[in-house]
Amino acid sequence: MRNTGRVAVNVVFSTPATPECDLLELGQVDALKSVSTTFAITMMGKSVVSGLPLDVLFEILWYLHPLDLVYLARVSKSFRSFLLSRRKAKSIWTEALKRINRLPQCPSYLSEPAYANLLFWPFCHRCHSSCDVIQWELRIRCCDGCTSDMVVGREMLPSFVDQLNFLDARQIIPMSVMSSAGPYGRHTDNTYGKPLAVASHADVNKLNMQYKFVKDSPLLNDLIIHRKKATQEIYQHVALCRIWEAEVADRRRKELVDQRRRDVVGKLESLGLGNELESLRSDASVLKEFDNLVVRQDQELTDSSCRVSLPRLQNFLEIRRARRLTVLFQDRFKNLAVVVSNMAKTFKNDKTNKVLPQAIDICLLSEVRYMIDDKNSGVMSAEAFVDALTLRLPPLLLAWNCQATKQLADLVRVQLCIDNDIDPLKLAALVFRCSNCRLHVTYPSALTHPCLRAKIFDKPWVQLPMETTALGRTMSPVEVYEKAAIEAFEMHPWNCTVLEADGYTKRIHNLFRALGRDPKSTSVDDMESCPIRVTCKSCSGSRSRMILTYRTALIHLVRNHSDNQDDAVWGVV
């Protein structure tokens, strides 16, 4: 018995402090910890109560939570007899219950220890298994397995209750409705499928004894009046307890929510989203939406819930950041458009530039993007940004032209399998076909073909809008930047992938074979230095012939000899 008591004492003083225990000063907590060791040692040899001065014992017990007192009352007979003595320990229980915030006073039909046991002892009153539901009207905690032994249904009440037809049974005996949300969900009315009204066995037995004593005497009416008054008192106190229980549950829920929010914020900050979390404070609607995602459940953040919640929250913040950066970029793009438009006018008469880029092409250059997207550029004023861009724009225009020309040359080199030593854009046999509009274009007019700014569906920033970003796949900074540019300028950047250089390869090769030239190496300069005239025998009549240069022959070929027709027959003039 003593060893069991020692373990119980250790449990009491290692119980985590509840919010109501915050009244303890730091020195008092340390004193309690040191006294707990004394209790454990004393339990091994002699009675605890006799081993401590009474004033010291009172000082210790005075600051304990009611649940701690309940635990102590179960440690040993000495503690039990002391703590359950109304004369010695009533003030201790009363003071402990007063420290519970907004707790209704102990009712007259319960003692302070019984009230504390009902409120805080989280076990069934019969089998001592875990039970969180309190049946307030019945003053018991009852698990699912003990309902048949602890409660009685309305139809099982004594017959004399129905004989008192001028009274409702609830007026003379406290009754509770078994809620389907609690451990009593199986107790339902088979006729209507509704929860049953039940009374406790103890109340029914007490009513039976009282009725048998006065059933044949004039005291029956006094008993009914007494029972009505006592039952009404129980119902009134139960209403207060339910309010207090709801407040405690709400306070606990808020604590869990706050803790969950702190844990989630810590996880997101470790993922590098701290700045985005800070920006939410300026937008109440977005902050509310974020909180709704955080506190979908008023439970602690576990590993499993973290795996479900964090991707959603991370995706939410990534979308939020993408929208915020889009607005920031678009403001700078407006300045860029004005600068590019003004500077482009000075380049229109410059014959060294085959084509001028649009503002969106300039903003996608790495150097300009660094100016706009740099973390430190946020402090740069609009005037400073314009000045810096104006100074750098002339070489940027030339750089873009070189870059566009190189991309087009690489495309031709890959499609026609041209050697690297040959400039593919100078080939005399080069004719492009647009895969979008199916028209033919030649170089250098191919650089300005309208379809080169059409929407390209294989680009991730077009295929994946911010609003429909899938979980686990958020927009990269590059995608955000490019999408902002597209929305700001209302056009797409220059892209030559819609051009096909091998669309007329077979027919063009036949033409150049008739000319006695190699289509993969003959340049425009070669053909112009040695002009050759050809005739299209397929289109010429018996009285007239079409005499064409190689360039007009190419145009005639792609316009008049489609894929569905026989190839042209050429003759050298």
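Since the model is a prediction, treat every value here as computed from it, not as a measurement.
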State, yes or no, whether a side-chain contact exists between Met156 and Val198 at a heavy-atom distance under 4.5 Å. no
Identify, with sequence neighbours excluded, every residue that meets side-chain contact (heavy atoms from CB on, under 4.5 Å) alongside Glu233. Ser108, Tyr109
Tightest non-hydrogen contact, residues His125 and His128, listed as O-CE1, 4.4 Å
Do Pro493 and Ile486 come within less than 4.5 Å of each other through their side chains, counting heavy atoms only? yes
Specify the closest pair of heavy atoms between Val161 and Ala169, including all atoms of both residues, with the distance to one decimal. CG1-CB, 3.7 Å
How close do Ala199 and Val204 get, counting heavy atoms only, and between which atoms? CB-CG2, 4.1 Å
Applying side-chain contact (heavy atoms from CB on, under 4.5 Å), name anything that partners Lys206, two or more places apart in sequence or on another chain. Gln210, Arg227
Close aromatic pair by centroid cut-off 6.0 Å: Tyr115 and His237: yes
Quick one: CD on Gln236 to CD on Gln232, what's the gap to the nearest 0.5 Å? 4.5 Å
Specify the closest pair of heavy atoms between Asn101 and Trp244, including all atoms of both residues, with the distance to one decimal. O-NE1, 3.2 Å
On a heavy-atom basis, which atom in Asn208 and which in Pro158 lie closest, and how many Å separate them? OD1-CG, 3.4 Å
What pairs meet the ring-ring contact (aromatic ring centres under 6.0 Å, His included) rule with one or both residues in residues 196-230, with sequence neighbours excluded? Phe160-Tyr211
CG of Leu138 to CG of Leu118: how many Å apart, nearest 0.5 Å? 10.0 Å
List for me each residue that meets salt bridge (charged side-chain N to carboxylate O under 4.0 Å, His left out) alongside Glu269, sequence neighbours excluded, and say none if there are none. none
Audit row: Arg242, Val238, side-chain contact (heavy atoms from CB on, under 4.5 Å) steps and yes/no: CA-CA 6 Å; Arg242 291 192 185 281; Val238 164; 3.6 Å; yes
Would the distance check show the side chain of Thr231 and the main-chain N or O of Lys228 forming a donor-acceptor pair, the cut-off being under 3.5 Å? no
With sequence neighbours excluded, residues passing salt bridge (charged side-chain N to carboxylate O under 4.0 Å, His left out) with Arg87: none
For Ala230, give me all partners under side-chain contact (heavy atoms from CB on, under 4.5 Å), at least two apart in sequence or on another chain. none
Would you list the pairs meeting ring-ring contact (aromatic ring centres under 6.0 Å, His included) in which at least one residue belongs to residues 247-283, sequence neighbours left out? none
Over all heavy atoms of both residues, which pair between Cys124 and Cys146 is shortest? Give the atoms and the distance, please. SG-SG, 3.8 Å
For Phe82, does its backbone N or O pair with a side-chain atom of Ser85 as donor and acceptor, under 3.5 Å? no
Beyond-backbone contact of Pro66 with Ile100, side-chain heavy atoms, under 4.5 angstrom: yes
Is any side-chain heavy atom of Leu219 closer than 4.5 Å to a side-chain heavy atom of Leu223? no
Listed by chain and number, what are the side-chain hydrogen bond (donor to acceptor under 3.5 Å, both in side chains) partners of Trp136, not counting sequence neighbours? Glu245
Identify every side-chain donor-acceptor pair in residues 88-98 under 3.5 Å, counting partners at least two apart or on other chains, and give the distances.
from: Lys90; atom 1: NZ; to: Glu112; atom 2: OE2; distance (Å): 2.7
from: Trp93; atom 1: NE1; to: Leu83; atom 2: O; distance (Å): 2.6
from: Thr94; atom 1: OG1; to: Lys90; atom 2: O; distance (Å): 2.8

Please test Asn117 against Arg74 for side-chain contact (heavy atoms from CB on, under 4.5 Å), starting from the C-alpha separation and ending with a verdict. CA-CA 11 Å; Asn117 185 70; Arg74 287 174 164 83; 3.2 Å; yes
Does Ser200 reach the side chain of Met150, with side-chain heavy atoms less than 4.5 Å apart? no
Could I get the full list of side-chain contact (heavy atoms from CB on, under 4.5 Å) partners for Leu84, not counting sequence neighbours? Arg80, Pro113
Would you call Asp258 and Lys254 a salt bridge, using N to O less than 4.0 angstrom? no
Intermediate values then yes/no, side-chain contact (heavy atoms from CB on, under 4.5 Å), Cys127 and Cys143: CA-CA 8 Å; Cys127 67; Cys143 68; 3.4 Å; yes
Are Arg139 and Pro174 packed together at the side-chain level, in the sense that at least one heavy-atom pair is separated by less than 4.5 angstrom? yes
I'd like to know if Arg252 and Glu247 make a salt bridge, using a cut-off of under 4.0 Å between side-chain N and carboxylate O. no
Under a 3.5 Å distance rule, please check whether Tyr235 uses its side chain to pair with a backbone N or O of Met175 as donor and acceptor. yes
Under the salt bridge (charged side-chain N to carboxylate O under 4.0 Å, His left out) test, which residues partner Arg170, sequence neighbours left out? none
Give a yes or no answer on whether the side chain of Arg141 reaches the backbone of Leu119 with a donor-acceptor pair at less than 3.5 Å. yes
Measure the spacing between CG of Asp68 and CG of Leu61 and express it to the nearest 0.5 Å. 10.0 Å
What residue pairs, at least two apart or across chains, pass salt bridge (Lys or Arg N to Asp or Glu O under 4.0 Å) with a residue in residues 146-158? Arg126-Asp149, Arg154-Asp162
What verdict does the side-chain contact (heavy atoms from CB on, under 4.5 Å) test give for Ile140 and Val151, after you've listed the backbone C-alpha separation in whole Å, the side-chain angles of each residue and the deciding distance to 0.1 Å? CA-CA 10 Å; Ile140 60 172; Val151 300; 4.2 Å; yes
